[in-house]
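Naming convention: chains lettered A, B, ... in sequence-line order (proteins, then strands); numbering from 1 in each chain. Below, all heavy atoms of this structure are taken into account, side chains as well, without hydrogens, waters or symmetry copies.
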Amino acid sequence: MVTMDDYKDGETEWCPGCGNFNILEAVKRSLVGLGKKPHEVLMVSGIGQSGKLPHYLKCNTFNSLHGRTLPPATGAKVANPELTVIAVGGDGDSYGEGGNHFIHAIRRNPDITLIAHDNQIYGLTKGQASPTSELGMKTKVQTHGVLHTPFNPLAVAISLDCPFVARGFAGDVEHLSSLITQAISHKGFSLVDVLQPCVTFNKLNTYKWYRDRVYKMEYNGHDPANRMAAFEKALEWGDRIPTGVFYKRDSETFESKLDILKKGPLIKDQYDSAKMDSVFENFS
Amino acid sequence: MVTMDDYKDGETEWCPGCGNFNILEAVKRSLVGLGKKPHEVLMVSGIGQSGKLPHYLKCNTFNSLHGRTLPPATGAKVANPELTVIAVGGDGDSYGEGGNHFIHAIRRNPDITLIAHDNQIYGLTKGQASPTSELGMKTKVQTHGVLHTPFNPLAVAISLDCPFVARGFAGDVEHLSSLITQAISHKGFSLVDVLQPCVTFNKLNTYKWYRDRVYKMEYNGHDPANRMAAFEKALEWGDRIPTGVFYKRDSETFESKLDILKKGPLIKDQYDSAKMDSVFENFS
Amino acid sequence: MVRDGFYVYGNQFYLSRVRGGHNYFQIRVSDHPVYALDEKIDILVALDTQTIPEHIDEVKEGFVLADESIVGDNVDEKIISVPFTEISKDVSGKKLFSNTVAVGAVFGLLCYDLATLKRFLSETFKRKGDEVVEKNIKAAQAGYDYVKNGKFEGICNYNLSPQPTNRRILINGNDSVGVGALAAGVQFLSAYPMTPSTGVMTRVAAHADDFNAVVEQAEDEIAAINMAIGASFAGVRAMTTTSGGGFCLMTEGLGLAGITETPVVIFLGQRPGPATGLPTMTEQGDLNFVLHAAQGEFPRCVLAPRTAKDAFNQTIRAFDIADKYQIPVLILSDQHLADGLFTYERFDTSDLKINRHLLEDRFVGSDYQRYTITESGISPRAIPGQNGALVVADSDEHNEAGHIDQTTGNRIRMNEKRLRKVDGLTDEMQMPAIHGIDGADISLIGWGSTYGPLAEAVDILNRDEVSINLIHFSDIYPFSHDTVSLLDGLNTTICVENNATGQFARLLRAELGFEVSKKMLRYDGLPFTPQSVIRELKGMGVI
Amino acid sequence: MVRDGFYVYGNQFYLSRVRGGHNYFQIRVSDHPVYALDEKIDILVALDTQTIPEHIDEVKEGFVLADESIVGDNVDEKIISVPFTEISKDVSGKKLFSNTVAVGAVFGLLCYDLATLKRFLSETFKRKGDEVVEKNIKAAQAGYDYVKNGKFEGICNYNLSPQPTNRRILINGNDSVGVGALAAGVQFLSAYPMTPSTGVMTRVAAHADDFNAVVEQAEDEIAAINMAIGASFAGVRAMTTTSGGGFCLMTEGLGLAGITETPVVIFLGQRPGPATGLPTMTEQGDLNFVLHAAQGEFPRCVLAPRTAKDAFNQTIRAFDIADKYQIPVLILSDQHLADGLFTYERFDTSDLKINRHLLEDRFVGSDYQRYTITESGISPRAIPGQNGALVVADSDEHNEAGHIDQTTGNRIRMNEKRLRKVDGLTDEMQMPAIHGIDGADISLIGWGSTYGPLAEAVDILNRDEVSINLIHFSDIYPFSHDTVSLLDGLNTTICVENNATGQFARLLRAELGFEVSKKMLRYDGLPFTPQSVIRELKGMGVI
Ligand SMILES: Cc1ncc(C[n+]2csc(CCOP(=O)(O)OP(=O)(O)O)c2C)c(N)n1
Ligand SMILES: Cc1ncc(C[n+]2csc(CCOP(=O)(O)OP(=O)(O)O)c2C)c(N)n1
Ligand code: SF4
Ligand code: SF4
Ligand SMILES: [Mg+2]
Ligand SMILES: [Mg+2]
């Protein structure tokens, strides 16, 4: 049996009170709950406070570049679909620097779960606006406050028909862990956007700020099979912020569409130079 | 008075019958209709068949890199808001290589019109799938047919609350030109996605294929002020393909939010080294 | 003709547009291997009006074949006016077959057996049905007859004697890289299309099913290289293909492969820059860039194939080196090689074996550390999950376990470990090829795709008793140990490059302290020809 | 202290994390200008438990100030245990002011006039209200008294005599670049945050309103450079800031600036690579990369400031050169310079003038052509719409009008035109600085941010009558004409660099054929100190 101890690893480097601790805890609980052994899991992370998460777990890890969680995750998943591949990144990672991969990974639909640590700020680089920062929030760069309409990851994911779209809150580990568990279990690309207080740089979106607003859609009669309703829910942001599963549909994953993988993982293929003859036929 | 002759320029290099000719014609008509003089217009294009368009017009031109239409267009617009800035790119340009700029330009909302020549194929590189290619379409790269869900530029733009979202068809110059005219006139970021037959490489989405499907929403009671309805319309693609204005809203442009520009275009600013004193105060 | 035992070399010139414009294709046929174009044209087939005025001077003792409509005002006794279009209409009712008529006419002019062409047409158009095949054959025959038996009877004075063979192949540089990658066991190729590299991707795609490989078109080049790195990390041989502009976007990934020590093969087909430049032409202008791309310091290997066959072999080697040293390996080609068509005996792959340089299961345990410090700098490599092992890789500086470590002692150890791999790699590198006579007065120095024209220039000059040879590099970085002593033994050296600043000459100075005597640079977007090289040498006054 | 006429130099060491970890800040105070840290510590203030064991050996003849709780088991007579926290609680009821107590204690140990500190605290905390000011002052006083008048009375034996000044500034390398950019009239800065470059962006942002400038955080570095290019094309001075990883993503844009001949200034703050590497430490590992980034060949200029003041001046020059030659100019800094705090007299900007090198309206007509071929290679530049002109720029090879042109003749002309600009640019370049005695036996060669420690090492050694000097480069590419003859006149040369492979030594060989005698390389993420240089020289046996 897999236990929490299997996933314990070294000292953490986050600020005391940071929401990341709860995300780490939620991820561990989900992996343990799903009975995944550490060596069956590959975590791909970006650069940012969030990107350090896999280092505080025990599992296969590819701590990639800032913004580049999804491409290596996809390559690894195709090479070895037997791995449970989880990508973790910040809001800057996932929606800023990595915005193009976000869109196209959804289109491609590999069976990967993306956990976006959405603290509405650039944490590691000490407090610039992120794509999800609130309008008007002032920083040393955004001296007149944020001028760009915040990126809405859920609405965009739904507009791209992403098969699993959820939002969690780092202040509610149990609920978050249940979302992560569902996301990992759901076949296809799954997004879990996590409201994560950054206690050091984001003085606006605090635990309290979120707590005063978040509510769970599941107790509200939301039907995650309804794409239009999901879209409408995704636009809700203000006094009330919905959490839970916005949208869910069955889908064929990228790997399952790759006929070649039906023979088994690429990494198990046996090389055979005899096949070369057929290739040369094309040139004579 | 500005006439069509003002915008005439050299020999074109497109295949005979290519939808790009009609887009060129529509753009010219719009500019003439709006009374814009060539030197008041800046066209920023990418690399692709579409990217050549400005060379066949007379106007200020910045023919940028593949995928990079929007960033230089934005920089130029901020530096000199008096220019009418139009970005033209292919579907590869705008939604593939340039996908991240597409998202963030909408968030930023400069007063720029993006005309996306959406031929659902990579034309200039001779026929690979583009982000909007139909599922199943075979090419030399997509030997098993396209496996990725087509990118839906309109739905994504609406999910990001883009202030003007329209689709035109290169087979209907008059309608297209009216959309382009509206887009240029509308303040803020405007998207005109143009269904553009590529007669050489896209044997699926031909003039006929489009003609059999397109219809104009304006005769159908669609209310472009209704975001949910716009989103629903944006999901319609199949036997019937809506064209026209999907979504429209008033917005504050990026330039208008930049207080500094209220004093006039940056390019007209007078340099004054005396201001340096106040800067040094910070360091003593 | 390849099947008839001739050696064919061809190359195309096209504009960055899909239709129209003055595009042309040049072919050379010989009974011995040829690797370059000749500036002297024997037969010029003009299909557009620009061809005759632009190229007639290159036709020295040969003929120009052209449709009447294209001949226009051009008057020259070399011009053989053939009504391609009319003949096509005659035999088929359509203009469509005029190109086939033209090819028939060429065969007529060559007195070549038409049966070969007919066989080829049958096979090519089989898919399109009997009627198409028949019409093509008719068109070819009519063109043939028009030239061979009509008013030009007797004009054909070539003597080409076929020696049929089945083992011979006609292959270009891009296809050779693709075939080499398949031979090396590539299983994942992610790329974004870009001229002149796309052919590698399509070649691998064409055979992917047979070889259990996945070819994935990425959303951009950043994704392309990072996907390949992910696939490689997970355990398969992976590559990406691009040209200079796309490579720009891959440089951060290159560094990622460097610090995470993940093998990856990057194919770069050069074209003239900067930026979009001349997308369909050729240049060797990206050498400096690939040598130094990405921040920081880490080992890499750069191979620049000379010919299609070399491209095949170097690609196989690239994968081996990447795996053995756990580094990125760059294959640096260009449009000249990419589109150059070469004739060879079928490449021998019978005793091809691959070594993944991976740890066997029995050496992998739960205490596995990805970045164990070793003398060679190479840390034994396991793949994620192998035998229960955890593999941890990091783009930050990391310790042996793969976790972030910012202490100075660790930094020194890890940096030195990675850089130590250069020693082994250097042992692996091959010396430049020497072509032509020994101890010559003049040595041309070249690299990459210029081999064909330079070697032929040397052959021609050697026949004329000019004391010249060619020192030609395919292993570009790092240089083999003995390179300096070879170079130091040369007399007058002329570094010949397809760029404007002499990047390779600079590399020789930077790496080896070797100073070439002169440089011959071509930067108009076209490749060297043997004749252009000889002309330049004369212009320089060295011969 | 700066206001009291002292020269302060400081630098910080921090980990790539936001809180915790062993971060420290080192300051040096002197009555003459200082540009480097000293390895000998006079006063060590320990705020975490790692400080004492890690740094006590560096405290040769000085003292360690630490809270009782931090002293722990450490026994050493240099340690002065002060109950920072307790004192803080005493005077304010909170632990919050213990840092202020510590600063007060330092002043006590220095026998320095506390009034200066009080003035500083009043100004700093004014915003936060009277109560905070008062508590801070109380805390400082208590710390001061504890050390000066308590059981350590008489321990203070420094004699620092203030000479108040108003014109003196304390400024770091990043701020100097930002201030330089403002002085140069930058009006558009687009960037994506990246350590250690972010400070430049925030500095410009802080004053943007006064200077009619826009600072825009881009979605990624690709957008950052391309926005800046667009703004520059439209007519304003524009820049972008980044570090190596971000620069990777800018390389294609760099080439775009090259071929479209659009001025742009790129600030690159180096940190140790490859890839993410050591984000908060220092290295000079990106030199090769910036010199050769992007496909194809085009002129660029690379400047590597030595000190904060040089950074200010070089930034102003960077904008001028970019405009004059219509090229990308790179300012190559690093974490050492970025975070290094220097003391100067206020920079003199009174007669600063800028020349945009743009065409005057009266020379711009409707027949304007952006890429007119000229002897200097510089085409007179108008901005879009100026006086009715159309400005056409293209990333493809283009003709004088700016339209796509793929003919070979045009290619040669345009390529040569662009490359010709290097001639003028070379005339513009400055010779390296020479520090120390003339005709020395040993010459250190350095570049960029190493100036401070190297110059001081030379000073110390010269005082000890070692025959040594420093040849230090700030203009890196291209080199000034007379560089070779200067170098050729040197005796033993030692190239000192903050990287593992000796990139600058290689550049000297590649560009000038000059071979240094020895290399001194440091690649642990830390900057050189004068002492480390002297130690290494001794280790090498050259002194
Ligand atoms: C290419 C590149 N650009 C910039 C950076 C610098 N950088 C590191 S983390 C980060 C943003 C951090 O914000 P986010 O992704 O939201 O993560 P968080 O720290 O908030 O968890 C940036 C800009 C980088 N490492 N690489
Ligand atoms: C960075 C980069 N990658 C790839 C290319 C090659 N390329 C040129 S155009 C193009 C795609 C063309 O498709 P699209 O944008 O849809 O334009 P179209 O030709 O169909 O109008 C590509 C991949 C390039 N020029 N630059
Ligand atoms: S800076 Fe913010 S996100 Fe980073 S560790 Fe601290 S609290 Fe968490
Ligand atoms: S290839 Fe297609 S898009 Fe390009 S010019 Fe021809 S028809 Fe138009
Ligand atoms: Mg964040
Ligand atoms: Mg297209």
Side-chain angles (χ1 to χ4, degrees), chain C residues 15-16 222 243-245 247-249 251-252 254-256 258-260 270-281 283 285-286 288-289 291-298 394-397 404 406 408-409 411-412 415-416 419 499-501 503 506-507 509-511 513 515 523-526, chain D residues 15-16 222 243-245 247-249 251-252 254-256 258-260 270-281 283 285-286 288-289 291-298 394-397 404 406 408-409 411-412 415-416 419 499-501 503 506-507 509-511 513 515 523-526:
Chain C
L15 295 177
S16 182
I222 304 174
S243 183
F247 182 67
C248 283
L249 299 164
T251 52
E252 201 188 5
L254 182 78
L256 177 66
I259 197 165
T260 60
Q270 296 168 99
R271 63 194 217 189
T276 310
L278 292 164
T280 55
M281 302 183 84
E283 194 167 278
D286 303 352
N288 275 334
F289 184 28
L291 287 168
H292 303 299
Q295 75 273 26
E297 302 172 297
F298 57 92
D394 190 1
S395 74
D396 294 273
E397 188 58 277
I404 304 184
Q406 306 188 45
T408 55
R411 166 65 177 179
I412 295 172
N415 212 10
E416 289 180 350
L419 293 172
N499 62 46
T501 61
Q503 299 188 21
R506 184 180 185 281
L507 180 66
R509 193 163 57 224
E511 289 296 314
E515 193 77 49
Y523 47 90
D524 60 355
L526 297 176
Chain D
L15 296 177
S16 183
I222 305 174
S243 183
F247 182 67
C248 283
L249 299 164
T251 52
E252 201 187 6
L254 182 78
L256 177 67
I259 197 164
T260 60
Q270 298 168 99
R271 64 194 217 188
T276 310
L278 292 163
T280 55
M281 301 182 84
E283 194 167 279
D286 303 352
N288 275 333
F289 183 28
L291 287 168
H292 303 299
Q295 75 273 26
E297 301 172 298
F298 56 93
D394 191 1
S395 73
D396 294 273
E397 189 58 278
I404 304 184
Q406 306 189 46
T408 55
R411 165 65 176 179
I412 295 171
N415 212 9
E416 290 181 349
L419 293 173
N499 62 46
T501 62
Q503 299 187 21
R506 185 180 184 279
L507 180 67
R509 194 162 57 224
E511 289 297 313
E515 192 77 47
Y523 46 91
D524 59 355
L526 297 177

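Contact count versus chain C (heavy atoms, under 4.5 Å) is highest, among Gly285(D), Gly273(D), Gly277(D), Ala500(D), for Gly277(D). Among the candidates Gly245(D), Ala275(D), Pro274(D), Ala510(D), the residue making the largest number of heavy-atom pairs closer than 4.5 Å to chain C is Pro274(D). Of the residues considered (Gly409(D), Pro279(D), Ala293(D)), Ala293(D) shows the highest number of contacts with chain C, using heavy-atom pairs under 4.5 Å. When Asn415(D), Asp394(D), Leu254(D), Leu256(D) are compared by the number of non-hydrogen pairs under 4.5 Å with chain C, Asn415(D) comes out ahead. Ranked by heavy-atom pairs under 4.5 Å with chain C, the list Pro272(D), Gly296(D), Gly255(D) is led by Gly296(D). For the set Ser243(D), Ala294(D), Gly258(D), the count of heavy-atom pairs under 4.5 angstrom toward chain C peaks at Ala294(D).
For the pair Glu297(D) (side chain) and Asn499(C) (backbone), a donor-acceptor distance under 3.5 Å is absent. Between the side chain of Glu515(C) and the backbone N or O of Gly513(D) there is no donor-acceptor pair closer than 3.5 Å. A donor-acceptor pair under 3.5 Å is absent between the side-chain atoms of Asp396(D) and the main chain of Leu278(C), judged by distance alone.
The structure places CG of Leu291(D) at 9.0 Å from CG of Asn288(C), a figure rounded to the nearest 0.5 Å.
Heavy-atom distances place both the backbone and the side chain of Tyr523(D) under 4.5 Å from chain C. Proximity to chain C is limited to the side chain of Leu507(D), based on heavy atoms less than 4.5 angstrom apart. In this structure, the portion of Glu416(C) lying under 4.5 Å from any heavy atom of chain D is its side chain and not its backbone. Contacts of Ile404(C) with chain D are absent, with no heavy-atom separation under 4.5 Å from either backbone or side chain.
With hydrogens and angles left out, the side-chain atoms of Gln295(C) and Glu283(D) include no donor and acceptor closer than 3.5 Å.
Under 4.0 Å is where a charged nitrogen must lie from a carboxylate oxygen, and between Arg509(D) and Glu511(C) no such pair does.
Here the closest non-hydrogen pair linking Thr408(D) and Asp524(C) is CG2-O, 3.3 Å. When all heavy atoms of Ile222(D) and Leu249(C) are compared, the closest pair comes out as CD1-CD2, 3.8 Å.
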